[in-house]
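Shown next, in structure tokens, is the structure this report addresses.
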Amino acid sequence: KAGVTQTPRYLIKTRGQQVTLSCSPISGHRSVSWYQQTPGQGLQFLFEYFSETQRNKGNFPGRFSGRQFSNSRSEMNVSTLELGDSALYLCASSVGGVGGYTFGSGTRLTVV
Amino acid sequence: QKEVEQDPGPLSVPEGAIVSLNCTYSNSAFQYFMWYRQYSRKGPELLMYTYSSGNKEDGRFTAQVDKSSKYISLFIRDSQPSDSATYLCAMYRIQGAQKLVFGQGTRLTINP
């Protein structure tokens with residue numbers, strides 16, 4: 001059974017650029033959540049999508065956005081990158097109800 | 001004040017020791033409690049999942065929940081060098097924008 005796949009694994013971008021990260025959930029999982037992980041702040045919730053609809057959103061600026069496609073694959077986009085956006089971005093999928101989330105290995109974004 | 005508090009460590013113990021990891025929380029709305037393990041350069045993986053107060057055992061791992069004190073613990077018996085990782089507690093609530101909230105994570109090293 002394939003796990004959660006995130007691409008790319010590593011990215012280096014320049015301040016002011018934008019970036020798109022991709023997440024393919026486990027087959028049958030309709031819920032996809034995105035988290036930002038940094039050494040200082042830990043895992044911070046970005047947003048959650050379920051059946052192509054954003055169900056919840058964390059306290060991040062509007063530069064962070066996402067979407068989910070009909071096949072449950074999800075993308076997140078960060079525009080006008082800042083140095084502070086350097087982090088590990090993790091995607092997690094679940095069947096949609098209460099339960100454990102399965103995480104991908106993340107995308108390591110470095111902004112220079 | 002964070003909703004979920006976890007000592008980030010680091011914690012270093014000799015092989016074979018019993019390890020105790022703990023988290024406290026402030027919001028009574030949390031109903032489900034989880035422990036994740038995260039190896040370097042990987043996403044978190046679910047270790048233990050529990051709902052009610054009391055103990056749940058899985059091999060060398062025991063999760064303990066005390067809802068009255070808003071305190072959860074993870075015990076690792078006969079610790080092995082392969083247990084060296086960051087351990088994150090996580091709590092789930094039915095209501096609220098952010099349903100799954102993580103602790104900061106405790107970095108654990110088991111010395112051979």
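Keep in mind that the numbers below use all heavy atoms, side chains included, and drop hydrogens, waters and symmetry copies. Proteins get letters first, then strands, A, B, ... in listed order; numbering begins at 1 in each.
If you tally non-hydrogen atom pairs under 4.5 Å between each of B/Lys42, B/Gln38, B/Lys2 and chain A, the highest count goes to B/Gln38. Contact count against chain B (heavy-atom pairs under 4.5 Å) is highest for A/Leu43 among A/Leu90, A/Val4, A/Leu43. If you tally non-hydrogen atom pairs under 4.5 Å between each of A/Arg108, A/Gln41, A/Gln6, A/Gln44 and chain B, the highest count goes to A/Gln41.
The ring-ring contact (aromatic ring centres under 6.0 Å, His included) test with B/Tyr36 is passed by exactly one of B/Tyr87, B/Tyr92, B/Phe102, B/Tyr49: B/Phe102.
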Requested in this report: Start with the C-alpha gap between B/Ser53 and B/Asp66, add the side-chain angles, then the distance that decides, and say whether side chain to side chain donor-acceptor pair (under 3.5 Å) holds.
Outcome: CA-CA 5 Å; B/Ser53 285; B/Asp66 182 347; 5.1 Å; no
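For A/Tyr89, no part lies under 4.5 angstrom from a heavy atom of chain B. Proximity to chain B (any heavy atom under 4.5 Å) is restricted, for A/Tyr35, to the side chain, taken from C-beta onward.
Counting heavy atoms from C-beta outward, A/Glu48 and A/Tyr101 have side chains that approach closer than 4.5 Å.
In the model, B/Thr24 has no side-chain atom that pairs as donor or acceptor with a side-chain atom of B/Glu5 under 3.5 Å. Side-chain contact check for B/Arg77 and B/Thr62: at least one donor-acceptor pair (N or O, by modelled atom type) lies under 3.5 Å.
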